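Reviewing the structure listed below.
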Number of protein chains: 2
Amino acid sequence: MRDLRENIIETSLELFDRHGFHGVSVNEIVKASQTSKGGFYHHFTSKDELLYVIHDTFITYVLKEAQAANIVHTSPVEKIQAIIRSFVHVFDLYKSHISVFYQESNYLKPEYEINMKGKRDQFKHLVFDVIREGQATGEFRKELPAEITGMAILGMVNWIYKWYRKDGTYTIDEIADVFTDLVLHFLLPVEEHVHVKNHMLHIPFFYEMK
Amino acid sequence: MRDLRENIIETSLELFDRHGFHGVSVNEIVKASQTSKGGFYHHFTSKDELLYVIHDTFITYVLKEAQAANIVHTSPVEKIQAIIRSFVHVFDLYKSHISVFYQESNYLKPEYEINMKGKRDQFKHLVFDVIREGQATGEFRKELPAEITGMAILGMVNWIYKWYRKDGTYTIDEIADVFTDLVLHFLLPVEEHVHVKNHMLHIPFFYEMK
DNA sequence: GAATGAAGACCGACTGGTTGGTCTGTCTAC
DNA sequence: GTAGACAGACCAACCAGTCGGTCTTCATTC
């Protein structure tokens with residue numbers, strides 16, 4: 001029980017993940033964290049603030065990773081691969097944060113919500129921009145509407161929180177491999193696929209199988 | 001105010017969509033529906049049952065559509081197109097049902113939850129099976145793991161509820177067009193893309209543009 | 001190096017308001 | 001006259017948050 005604040009966050013995370021934000025009362029959090037009402041409200045101004053802190057932790061991480069990938073790499077093909085890879089990996093690190101986030105984010109008080117929405121939008125537009133950039137250079141199929149295609153990517157990755165299990169059949173790396181492959185297959189023009197391996201950051205695990 | 005039961009369902013749907021299941025009390029539902037506690041509990045045994053009814057309405061529809069598509073069409077390419085198309089279209093019909101469903105389904109009492117999970121799993125496996133079938137006939141890329149690929153499809157489509165607006169830039173038909181195109185691009189072997197138009201149920205709207 | 005005191009960490013009984021659900025009863029239709 | 005449809009006062013449970021108080025830590029003073 002080193003740091004009570006951290007302890008409360010982790011305990012609530014488990015509880016929220018299992019029963020949802022509204023399925024857990026402050027009293028239950030307090031009991032599970034082996035502290036008291038006083039202890040809780042000493043560290044958080046409200047139950048809502050706790051929710052906000054959970055959200056912010058993970059979304060700040062995602063955004064930073066994506067921005068880094070955007071700077072490190074130059075070609076859109078590499079960028080989109082790196083973004084998907086790091087994005088998918090976040091689910092390994094912050095699975096319960098993300099579950100809570102998507103299940104409860106619409107209950108956030110306005111003052112918190114504005115902050116969150118900004119970061120989410122930044123990330124979304126980063127993805128859109130990479131797609132548009134790839135279309136401009138001719139590396140990606142020009143006929144695809146960038147917004148719909150972008151939302152397809154965000155959707156398939158975000159949905160991971162619903163089904164991914166750390167002890168499941170596939171590792172997060174394998175999922176990242178497949179997702180990157182799927183996305184490149186629909187982004188790249190058909191003629192380009194012959195050369196696709198030259199662009200690849202690494203060869204997906206399933207290319208040797210079957 | 002013909003049928004009070006229907007009235008209550010539709011009113012709550014609007015309220016839940018805006019404030020979430022937990023953000024709306026039975027008293028508020030009752031007031032908005034211009035009835036009383038007695039009226040409400042005459043038609044529903046609990047607030048949870050109302051949630052269940054909302055869930056069941058839409059998921060039963062999705063499943064029926066997909067099963068029909070699975071029977072009507074014979075080739076996996078056609079099947080997957082039809083399933084995606086009908087799946088995407090559900091968001092036009094049942095947007096608020098679906099929002100409530102994904103935001104609150106984990107609060108469902110066990111007795112309701114079991115029923116729901118069964119139908120969801122049926123749908124999921126239907127998608128998996130179509131992919132495996134296509135791989136068996138050689139129409140789809142054999143190297144892709146069917147489960148991950150299937151979850152990618154389910155994810156991108158399910159995510160629609162987060163961003164689709166009836167009065168948005170793109171119609172639901174256009175979204176279905178793009179999604180079907182994306183999916184076929186990653187499912188079909190590269191060599192097959194030259195012939196892809198022969199398989200297509202219809203030409204996507206964006207193929208003529210740009 | 002003992003005494004002082006102030007600030008932060010934490011405790012838990014308590015409160016005011018709300019919630020889902022009940023129950024008695026009335027009003028209508030057949 | 002009986003059964004379903006609805007009304008609305010009522011209730012126990014519970015909830016997030018408060019507040020007066022204690023215990024610990026540690027810099028400051030003599």
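Bear in mind that the values here come from a model prediction, so they are computed numbers and not experimental data. Below, chains carry the letters A, B, ... as their sequence lines are ordered, and counting in each starts from 1.
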task: Take B:His55 and B:Tyr52, measure what ring-ring contact (aromatic ring centres under 6.0 Å, His included) needs, and give me the verdict at the end.
output: CA-CA 5 Å; B:His55 290 181; B:Tyr52 169 79; 7.7 Å; no

- prompt: OP1 or OP2 of C:dG12 sitting under 4.0 Å from any side-chain N/O of A:Ser36?
  reply: no

- prompt: Roughly, in whole Å, what's the span from CG in A:Leu4 to P in D:dT24?
  reply: 16 Å

- prompt: Can you check the A:Leu51 CG to D:dG17 C1' distance for me, whole Å?
  reply: 17 Å

- request: Decide whether A:Asp17 and A:His97 meet the rule of one side-chain donor and one side-chain acceptor closer than 3.5 Å.
  value: no

field: Given C:dG20, D:dA16, D:dG8, the nucleotide with the shortest approach to the side chain of B:Lys47
entry: C:dG20

- request: Take atom NE2 of A:His42 and atom P of D:dG17, then tell me their distance rounded to the nearest Å.
  value: 17 Å

D:dA7 OP1/OP2 closer than 4.0 Å to side-chain N/O of B:Thr35: yes

message: Quick one about A:Asp48 and A:Tyr107 (side-chain donor to acceptor, distance below 3.5 Å, no hydrogens or angles considered), yes or no?
response: no

query: Should the pair A:Asp181-B:Arg141 be classified as a salt bridge under the 4.0 Å nitrogen-to-oxygen rule?
result: yes

task: Take the protein atom CG of B:Leu50 and the nucleotide atom P of C:dG21, then report the distance between them rounded to whole Å.
output: 11 Å

field: Under-4.0 Å salt bridge between A:Lys109 and A:Glu49
entry: no

message: Please confirm whether the ring centroid of A:Phe91 lies under 6.0 Å from the ring centroid of A:Tyr164.
response: no

task: Whole angstrom is fine here: how far is it from CD in A:Gln34 over to P in C:dC11?
output: 10 Å

Residues touching DNA chain C, which here means a heavy atom under 4.0 Å, drawn from residues 16-29 of chain A: none

- line: With sequence neighbours left out, the residues meeting side chain to side chain donor-acceptor pair (under 3.5 Å) with A:Lys31 are none

- request: Using heavy atoms to find the nearest nucleotide of DNA chain C for A:Phe40 and B:Asp48 separately, return the residue whose nucleotide is more 5′.
  value: A:Phe40

- request: Toss me the dot-bracket line for DNA chain C: Watson-Crick and G-U wobble, both under 3.5 Å, 5' to 3', using | for pairs to another strand and [ ] for crossers.
  value: ||||||||||||||||||||||||||||||

message: I need the NZ-P distance between B:Lys31 and D:dA9, as an integer number of Å.
response: 14 Å

task: Taking the side chain as every heavy atom from C-beta outward, state whether B:Tyr41 and B:Val26 have any atom pair closer than 4.5 Å.
output: yes

message: From NZ of A:Lys109 over to C1' of D:dG17, roughly how many Å is that when rounded to an integer?
response: 11 Å

- request: Before accepting this row, confirm whether a basic side-chain N of the pair A:Arg85/A:Glu78 lies closer than 4.0 Å to the acidic partner's carboxylate O.
  value: no

- prompt: How does each nucleotide of nucleotides 22-30 of chain C score, in 5' to 3' order, for protein heavy atoms under 4.0 Å: base (B), sugar-phosphate only (S), or none (-)?
  reply: B--------

query: A:Glu49 has an atom CD; how far is it from atom C1' of D:dG17, in whole Å?
result: 14 Å

- prompt: Do you see a donor-acceptor pair shorter than 3.5 Å between the side chains of A:Tyr112 and A:Asp56?
  reply: no

task: Check side chain to side chain donor-acceptor pair (under 3.5 Å) between B:Tyr161 and all other residues, then give those that pass, not counting sequence neighbours.
output: none

statement: Contacts of A:Tyr102 meeting side chain to side chain donor-acceptor pair (under 3.5 Å) (sequence neighbours excluded), chain-then-number -> A:Asn158

